[in-house]
A.B. asks: 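The structure is given below, and queries will be raised subsequently.
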Amino acid sequence: ARKNSDIVIRSGMKVLYEPCSLANAAAGVRTITVEGGAQLVLDDQDMTLTVREIYVQSGGHFFAGSETCRLWSQVDINFIGDKANSNHENFKPQNGPSKGLQVLGKVDMHGKRFHPTWTRLATTARRDDSIIFLQEPVNWEVGQEVLITTTIYFDCPDYYLDSCKPCNHGANCEPVKHQ
């Protein structure tokens, strides 16, 4: 495939995509269409797939791992194109440019499972702490983002308002100040 080409995976075909599959299209392909009865499978290798749109038609399948065979590699799918032309009506290849993933068939993406996805702090975290202690072990990796949030507003659903109702713990919630 060449840069800006349209790739169609026809009914009955099973295509394994590897990093070298589109070596001549480093700047991206325009579209990948997976017809009904066809399969596109991403190999478990570090890769970047650069494409304007992927269109999985009814009965088509796009796989990146499975529940029993998860991907362990770094797989990035970069959608490129003009945002102004991105909408549902333009998404069909015959209608001109768009960008994104349209699925009328099936998409299964299963990567490394990180668990638990949340936990409680074992001790209070202070603003300048470089180490935090958790209540349970995790398999999170260096470089992943971690969100630590306060529980002081736990029972205050209207936290964007200037005031909120008393919290269940008996203290009044202070208004949240946004910058």
A.B. asks: Can you name the residues that form a side chain to side chain contact (heavy atoms under 4.5 Å, CB included) with Met109, not counting sequence neighbours?
C.D. replies: Phe62, Ala64, Ile77, Val107

A.B. asks: Can you tell me how far the CD1 atom of Ile9 sits from the NZ atom of Lys14, to the nearest 0.5 Å?
C.D. replies: 13.0 Å

A.B. asks: Does Leu16 have any side chain to side chain contact (heavy atoms under 4.5 Å, CB included) partners at least two apart in sequence or in another chain, and if so, which?
C.D. replies: Glu18, Val41, Asp43

A.B. asks: Where is the tightest heavy-atom contact between Arg30 and Val51, given as atom of each residue plus distance?
C.D. replies: O-CG2, 3.8 Å

A.B. asks: What side-chain donor-acceptor pairs closer than 3.5 Å can you find for residues 65-74, not counting sequence neighbours?
C.D. replies:
| unit_1 | atom_1 | unit_2 | atom_2 | d |
| --- | --- | --- | --- | --- |
| Ser66 | OG | Thr68 | N | 3.4 |
| Ser66 | OG | Thr68 | OG1 | 3.4 |
| Ser66 | OG | Cys69 | N | 3.0 |
| Arg70 | NH1 | Gly111 | O | 3.0 |
| Ser73 | OG | Asp44 | O | 3.2 |
| Ser73 | OG | Asp44 | OD1 | 2.7 |
| Ser73 | OG | Gln45 | N | 3.3 |
| Gln74 | NE2 | Asp76 | OD1 | 2.9 |

A.B. asks: Taking all heavy atoms of Lys112 and all of Asn139, pick out the closest pair and write down the distance.
C.D. replies: CE-ND2, 4.1 Å

A.B. asks: Tell me which one of Ile7, Val103, Leu101 satisfies side chain to side chain contact (heavy atoms under 4.5 Å, CB included) with Ile54.
C.D. replies: Leu101

A.B. asks: Under 4.5 Å between any side-chain heavy atoms of Leu104 and Tyr55, yes or no?
C.D. replies: yes

A.B. asks: Do Phe63 and Ile32 share a hydrophobic cluster, counting only Ile, Leu, Val, Met, Phe, Trp and Tyr and linking them when any side-chain heavy atoms are less than 4.5 Å apart?
C.D. replies: no

A.B. asks: For Glu136, enumerate each residue passing the side chain to side chain contact (heavy atoms under 4.5 Å, CB included) test, keeping only those at least two apart in sequence or located in another chain.
C.D. replies: Pro116, Thr119

A.B. asks: Has Ser11 got a side-chain atom pairing as donor or acceptor with Gly36's backbone, closer than 3.5 angstrom?
C.D. replies: yes

A.B. asks: Which atom pair, heavy atoms only, marks the closest approach of Val34 to His61?
C.D. replies: CG1-O, 3.6 Å

A.B. asks: How does the hydrophobic cluster around Ile131 look, that is, which other residues are in it when side-chain heavy atoms under 4.5 Å mark a link?
C.D. replies: Phe133

A.B. asks: For Arg113 and His115, work out which heavy atoms get closest and say how close.
C.D. replies: O-ND1, 3.6 Å

A.B. asks: Which distance, rounded to the nearest 0.5 Å, do you find between the CZ of Arg126 and the CG of Asp128?
C.D. replies: 11.0 Å

A.B. asks: Out of curiosity, does Leu49 fall in the hydrophobic cluster containing Val8 (side-chain heavy atoms, cut-off under 4.5 Å, transitive links)?
C.D. replies: no

A.B. asks: Would you name the heavy atoms of Gln57 and Glu35 that are closest together and state the gap between them?
C.D. replies: OE1-CA, 3.3 Å

A.B. asks: Taking ILVMFWY side chains as joined if any heavy atoms are under 4.5 angstrom apart, and letting links pass through other members, which residues group with Val146?
C.D. replies: Phe114, Leu121, Ile132, Leu134, Val138, Trp140, Ile148

